[in-house]
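Okay, so here's the structure we're looking at.
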Amino acid sequence: MKLSGITRHVDHLIVQWPDGSSSRFHYVWLRDNCRCNRCKHAIGERTVDVLSIPCDIAPTSVVVTDGLDLAWPDGHVTTYEAAWLRANSYEVDQRPAPHRPILWRKELAADLPEISYDDVMHSDAGLLAWLHLLRDYGLCFVRGVPTDPRTVVDVAGRISFLRNTNFGILFDVESKPDPDSLAYTSNRLNCHSDLPNREMPPGLQFLHCLVFEATGGDSILVDAFACADELRRVDPAAFELLTTTPIRYRYSGPDSELSARSPIIRVDADGELFEIRYSNALLAPLDAAPEKMIDTYRAIHSFAGLLQSSDFEIKTRLRAGDLMSFHNNRVLHGRDVFDPNSGHRHLQGCYVDLDDFLSRIRVLERLSGLSSA
Ligand code: OGA
Ligand code: ZN
Ligand code: ZN
């Protein structure tokens, strides 16, 4: 990669690229991103203070080499390689395309994303394949997992350290005599995300089936991003309301009083979906403004109707040795009622935060040469 040329302007220069495209780089940006060892520590963190650079700074000279050499009024010199400038261009159409999820409906049931325990545990390529499926579909089954207790900790531990919560690092999902969650009964659980009652719900959830001899209890899964996308199309007012109205969730347990308020659907600055928080069981009394109360209920109905519709819902039955991994704030999960007198049903679960999952993907890609991130 080389520059074809530059033109200088008052507060920026324009780089021409061999393919005919061009990129603007502002002088303050070019000074601010100097990567010399006085401006950046060897560990990669910045040591130059943005406040020390006047917004109207301009170089005293600019020399085109294979890249660019710039001299600044205080004598400091900054050198850029062309490839680095190109990779960091902030022209809107030259930024790296963000990763987009593959949205799905019930048809995914015919070809569920899955991988074997051996692949995940014994090779980094297998691990990365698992994580890519999880990133793209928000869901992946790991098959052939030994049914020894705590194995879910080892499998999720391939990604990162685990997230602790009031239910512990490892939780047992079975019908218990003195349950502290509806999950620990034999009730039906409508599709939900776990722990929306926390400021930061866990990003990934893992449920490992150790024993399943009971009748009933089939799993329910739904891509809530696909439902939100559909809601945006068919009921834009409900979508708007659910992305802007904070809803409170709460959990009261023997040693916890947890409460958090957030819109049910969250979009980022580009309008892209990034988080769904939905659990009927954990909704606090709605506290929408009186004039918005009925509309808020209508919007929830509209979204929950899609979440529970047969167009979107997948039903599947776990077997001992299956481990279900999913993006907790995208793919909602639930289960049918089961009969605890017909046989035992025992799952173990744990969580990993999204940051550590995404970091693991980037590190594995870096190691395998897939990216220079
Ligand atoms: C849970 C849960 C589903 C199941 O533990 O959070 O939703 O299949 N369990 O028991
Ligand atoms: Zn420098
Ligand atoms: Zn759950």
Side-chain angles (χ1 to χ4, degrees), residues 27-42 45-50 52-53 57 59 68-80 84 139 141 152 163 165-168 170-176 179-198 201-202 204-212 214 216-222 224 249 251 253 276-282 307 314-320 322-340 344-351:
Y27 298 136
V28 62
W29 187 97
L30 288 165
R31 176 63 191 87
D32 187 44
N33 287 289
C34 182
R35 297 157 81 227
C36 81
N37 56 19
R38 280 173 53 202
C39 296
K40 208 163 180 195
H41 193 277
E45 292 182 29
R46 288 161 50 89
T47 48
V48 64
D49 187 346
V50 64
S52 69
I53 306 168
I57 195 170
L68 277 185
D69 287 351
L70 303 108
W72 302 103
D74 64 356
H76 196 84
V77 173
T78 296
T79 300
Y80 284 110
W84 189 91
L139 170 69
F141 288 81
V152 68
R163 169 84 180 272
T165 78
N166 52 301
F167 295 113
L170 174 72
F171 49 89
D172 286 281
V173 183
E174 52 192 337
S175 179
K176 299 176 193 178
D180 57 357
S181 161
L182 273 183
Y184 308 151
T185 66
S186 60
N187 283 25
R188 176 185 164 91
L189 303 176
N190 278 344
C191 64
H192 62 280
S193 59
D194 273 16
L195 311 187
N197 51 284
R198 286 184 169 271
L204 290 184
Q205 181 167 176
F206 306 83
L207 286 173
H208 175 208
C209 181
L210 302 179
V211 181
F212 199 163
D218 286 6
S219 298
I220 302 162
L221 292 156
V222 60
Y249 290 101
Y251 170 83
I276 307 292
R277 291 190 191 217
Y278 186 70
S279 171
N280 185 76
L282 299 176
L307 292 172
I314 284 181
K315 279 201 169 168
T316 181
R317 188 176 172 83
L318 292 171
R319 288 160 307 175
D322 288 338
L323 187 154
M324 202 161 84
S325 56
F326 51 94
H327 183 338
N328 181 51
N329 305 306
R330 170 185 167 189
V331 172
L332 305 192
H333 65 290
R335 67 151 190 254
D336 239 332
V337 62
F338 64 94
D339 176 4
H344 194 43
R345 182 183 192 270
H346 184 192
L347 315 184
Q348 286 192 318
C350 63
Y351 306 111

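Numbers here simply count residues along the sequence, with the first being 1. Each ligand, and each atom within it, is numbered from 1 in the order the structure gives. This is a predicted model, so every value here is computed, not measured.
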Among protein heavy atoms, which sits nearest to atom 5 (O) of ligand 1, and what does the distance come to when rounded to 0.1 Å? Val173 CG2, 3.4 Å
With a 4.5 Å limit on heavy-atom distance, are the side chains of Phe141 and Leu318 in contact? yes
On a heavy-atom basis, the closest approach of Ala214 and Phe338 is CB-CD1, 3.9 Å
Taking all atoms of both residues into account, what is the closest heavy-atom pair of Ser186 and Ser175, and its distance? N-OG, 4.0 Å
Can Arg163 be said to sit on top of Tyr351's aromatic six-ring, NZ or CZ under 6.0 Å from centre and within 45° of the ring axis? no
Ser219 side, atom OG; Asp322 side, atom CG - distance, nearest 0.5 Å: 9.0 Å
Once the angle between the rings of Trp84 and Trp29 is folded into 0 to 90°, is it parallel (under 30°), tilted (30 to 60°) or perpendicular (over 60°)? tilted
The option among Asp194, Leu332, Asp218 carrying the non-hydrogen atom nearest to atom 6 (O) of ligand 1 is Asp194
With Arg35 via salt bridge (Lys or Arg N to Asp or Glu O under 4.0 Å) - residues at least two apart: none
With under 30° as parallel and over 60° as perpendicular, where do the rings of His333 and His192 fit, or are they tilted in between? tilted
Keeping to distances under 2.8 Å, can you name the protein N/O/S atoms close to the Zn ion (ligand 3)? His192 NE2, Asp194 OD1, His333 NE2
Between Leu318 and ligand 1, which residue portion shows a heavy-atom distance shorter than 4.0 Å: side chain, backbone, both, or neither? neither
Would Ser219 count as being in polar contact with ligand 1, using the rule that some N or O on each side must be under 3.5 angstrom apart? no
Listed partners of Arg335 passing salt bridge (Lys or Arg N to Asp or Glu O under 4.0 Å), at least two apart: none
Using heavy-atom distances, let me know which of His333, Arg345, Met324 sits nearest atom 4 (C) of ligand 1. Arg345
Taking only heavy atoms of Gln205 into account, list the atoms of ligand 1 that are under 4.0 Å away from them. 6 (O)
Tell me whether Asp218 is salt-bridged to Lys315, with the criterion being a basic N under 4.0 Å from an acidic carboxylate O. no
If you leave out waters, which protein N, O or S atoms are less than 2.8 Å from the Zn ion (ligand 2)? Cys34 SG, Cys36 SG, Cys39 SG, His76 NE2
Ring centers of Phe167, Tyr251 separated by less than 6.0 Å: yes
Test your reading of the structure: does Arg335 have an N or O sitting under 3.5 Å from an N or O of ligand 1? yes
Out of Asn328, Leu195, Leu189, who gets a non-hydrogen atom closest to atom 9 (N) of ligand 1? Leu189
Can you tell me how far the SG atom of Cys39 sits from the CZ atom of Arg31, to the nearest 0.5 Å? 4.0 Å
Answer yes or no: is there a side-chain heavy-atom contact under 4.5 Å between Val222 and Val331? no
Check ligand 1 against His192 and write out every atom of the ligand that is under 4.0 Å from a heavy-atom position of the residue. 6 (O), 7 (O)
Quick test: of every protein heavy atom, which one is nearest to atom 1 (C) of ligand 1, and how far off is it to 0.1 Å? Ala183 CB, 3.7 Å
Please report the shortest heavy-atom distance between Leu210 and Ala320, naming the atom on each side. O-CB, 3.4 Å
Counting from 1, what ligand 1 atoms have a heavy atom of Leu347 closer than 4.0 Å? 4 (C), 8 (O), 10 (O)
Looking at side-chain heavy atoms only, is the closest gap between Thr79 and Leu68 below 4.5 Å? no
